[in-house]
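Here's the structure, in structure tokens; my notes come after.
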Amino acid sequence: MGIAERRATESGQCYWTRFTTGELDTFSPDETFDAVIGRLVLMYLPDPVATLRRLVGFLRPGGIIAFQEMAMPLTRSFPEAPLFSKCRGWIIETIERAGFEVDMGGRLPMVFAGAGLPAPQMNSAGLAGSGPDSPIYDYIAETLRSLLPIAEAVGAATAAEMKVDTLAERLRSEAVEQ
């Protein structure tokens with residue numbers, strides 16, 4: 001929340017913009033809001049429909065519901081790269097085995113409908129790049145570094161398989177050599 005408040009202040013919107021944070025399961029404000037916004041939240045919830053239905057109750061009439069969620073199965077490389085595919089598999093398998101949704105982006109229309117909301121307006125976007133200077137190699141390696149403890153705990157991959165300390169460079173070499 002600190003970043004959002006800082007940006008609102010820097011853009012001169014601090015006089016009419018306020019932010020509230022709290023635990024989703026116990027959040028119970030005394031007021032209503034103009035917007036309910038979430039980024040990579042619904043994918044981790046056991047019942048995203050119930051949570052969204054509950055949050056809608058805190059909106060003023062005409063309020064905005066905006067969620068950004070991932071559609072991991074759409075991730076790909078072109079041409080197909082074996083190490084990239086293996087990394088994609090480790091990420092998806094880790095998140096699935098941990099009990100979370102890897103395609104909440106694709107499920108948003110169903111979640112909104114289940115919460116009694118109209119179909120969401122949706123856009124699809126993704127990180128894309130190529131060449132030796134692309135940040136994608138580091139992004140993938142650091143994502144897997146952060147997931148490694150969970151990946152090992154759920155049996156999706158091991159540190160010896162991933163070799164995260166050299167992963168970015170191996171991904172870069174694979175992509176550039178193709």
Legend entry - Least distance between heavy atoms, A151 atom then T94 atom: CB-OG1, 3.3 Å
Legend entry - Nearest atoms (heavy-atom pairs only) where P120 meets P109: CD-CA, 3.8 Å
Legend entry - L59 reachable from L24 in the ILVMFWY side-chain graph, under 4.5 Å edges: yes
Legend entry - Donor-acceptor under 3.5 Å (S134 side chain, G131 main chain): no
Inset, instruction - Any chance you could measure I140, atom CD1, to K86, atom NZ, to the nearest 0.5 Å? - result: 14.5 Å
Legend entry - CA sep, side-chain torsions, deciding dist, call: D165, R145, side-chain contact (heavy atoms from CB on, under 4.5 Å): CA-CA 8 Å; D165 291 335; R145 184 183 308 278; 3.0 Å; yes
Inset, instruction - Could you pull out the closest heavy-atom pair between A175 and Y137, with the gap in Å? - result: CB-OH, 3.5 Å
Inset, instruction - Measure the CG-CE distance between L108 and M122 for me, rounded to the nearest 0.5 Å. - result: 5.0 Å
Inset, instruction - Report yes if the distance between the aromatic ring centroids of F58 and F33 is under 6.0 Å, otherwise no. - result: no
Legend entry - R7/E10 ion pair, N-O < 4.0 Å: no
Inset, instruction - Starting from the C-alpha separation in whole Å, work towards a yes-or-no answer on side-chain contact (heavy atoms from CB on, under 4.5 Å) for L167 and L83. - result: CA-CA 9 Å; L167 185 55; L83 183 57; 4.0 Å; yes
Legend entry - E69 versus L42, closest heavy-atom pair with distance: OE2-N, 2.8 Å
Inset, instruction - For the pair R172 and D133, find out whether any cationic side-chain nitrogen is under 4.0 Å from an anionic carboxylate oxygen. - result: no
Inset, instruction - Might you work through the side-chain contact (heavy atoms from CB on, under 4.5 Å) test for F112 and I65, ending with a clear yes or no? - result: CA-CA 10 Å; F112 273 55; I65 301 276; 3.7 Å; yes
Legend entry - Side chains of P73 and R88 in contact at under 4.5 Å (non-hydrogen atoms): yes
Inset, instruction - May I ask you to check whether over 12 heavy atoms, not counting those of Y139, lie within 6.0 Å of atom OH? - result: no
Legend entry - Cluster check V49, F27: I/L/V/M/F/W/Y, side chain < 4.5 angstrom: yes
Inset, instruction - Measure the CD-CD distance between E169 and E174 for me, rounded to the nearest 0.5 Å. - result: 12.0 Å
Inset, instruction - For residues C87 and W90, determine if any side-chain heavy atom of one lies less than 4.5 Å from a side-chain heavy atom of the other. - result: yes
Legend entry - Side-chain (R60) to main-chain (T32) donor-acceptor, under 3.5 angstrom: yes
Inset, instruction - Using a cut-off of 6.0 Å, state whether more than 12 heavy atoms not belonging to E23 lie near its atom CD. - result: no
Inset, instruction - Indicate if V41 and L55 have the same hydrophobic cluster label, given that clusters are the connected sets of ILVMFWY residues with side-chain heavy-atom separations under 4.5 angstrom. - result: yes
Inset, instruction - Take L144 and I91 through the test side-chain contact (heavy atoms from CB on, under 4.5 Å) and record every step on the way to the result. - result: CA-CA 7 Å; L144 281 166; I91 292 168; 3.5 Å; yes
Inset, instruction - Of all the heavy-atom pairs spanning R53 and G114, show the shortest one and how long it is. - result: NH2-O, 2.7 Å
Inset, instruction - Walk me through it: do T158 and E161 pass the test side chain to side chain donor-acceptor pair (under 3.5 Å)? - result: CA-CA 5 Å; T158 66; E161 289 175 287; 3.3 Å; yes
Inset, instruction - Examine L147 and V154 and state if one hydrophobic cluster contains both, with Ile, Leu, Val, Met, Phe, Trp and Tyr joined whenever side-chain heavy atoms are less than 4.5 Å apart. - result: no
Inset, instruction - Taking all non-hydrogen atoms of both residues into account, name the closest pair between I150 and A98 and its distance. - result: CG2-CB, 4.0 Å
Legend entry - Sole candidate of M43, E96, M104, E101 that passes side-chain contact (heavy atoms from CB on, under 4.5 Å) when paired with M72: M43
Inset, instruction - Measure the spacing between OG1 of T143 and CD1 of I136 and express it to the nearest 0.5 Å. - result: 11.0 Å
Inset, instruction - Check the hydrophobic clustering (I, L, V, M, F, W, Y; side-chain heavy atoms under 4.5 Å; chains of links allowed) and say if V36 and Y44 are grouped together. - result: yes
Inset, instruction - Hey, could you give me the CG/CD1 distance between D103 and I95, rounded to the nearest 0.5 Å? - result: 11.5 Å
Legend entry - Student check: side-chain heavy atoms of L52 and L45 closer than 4.5 Å: no
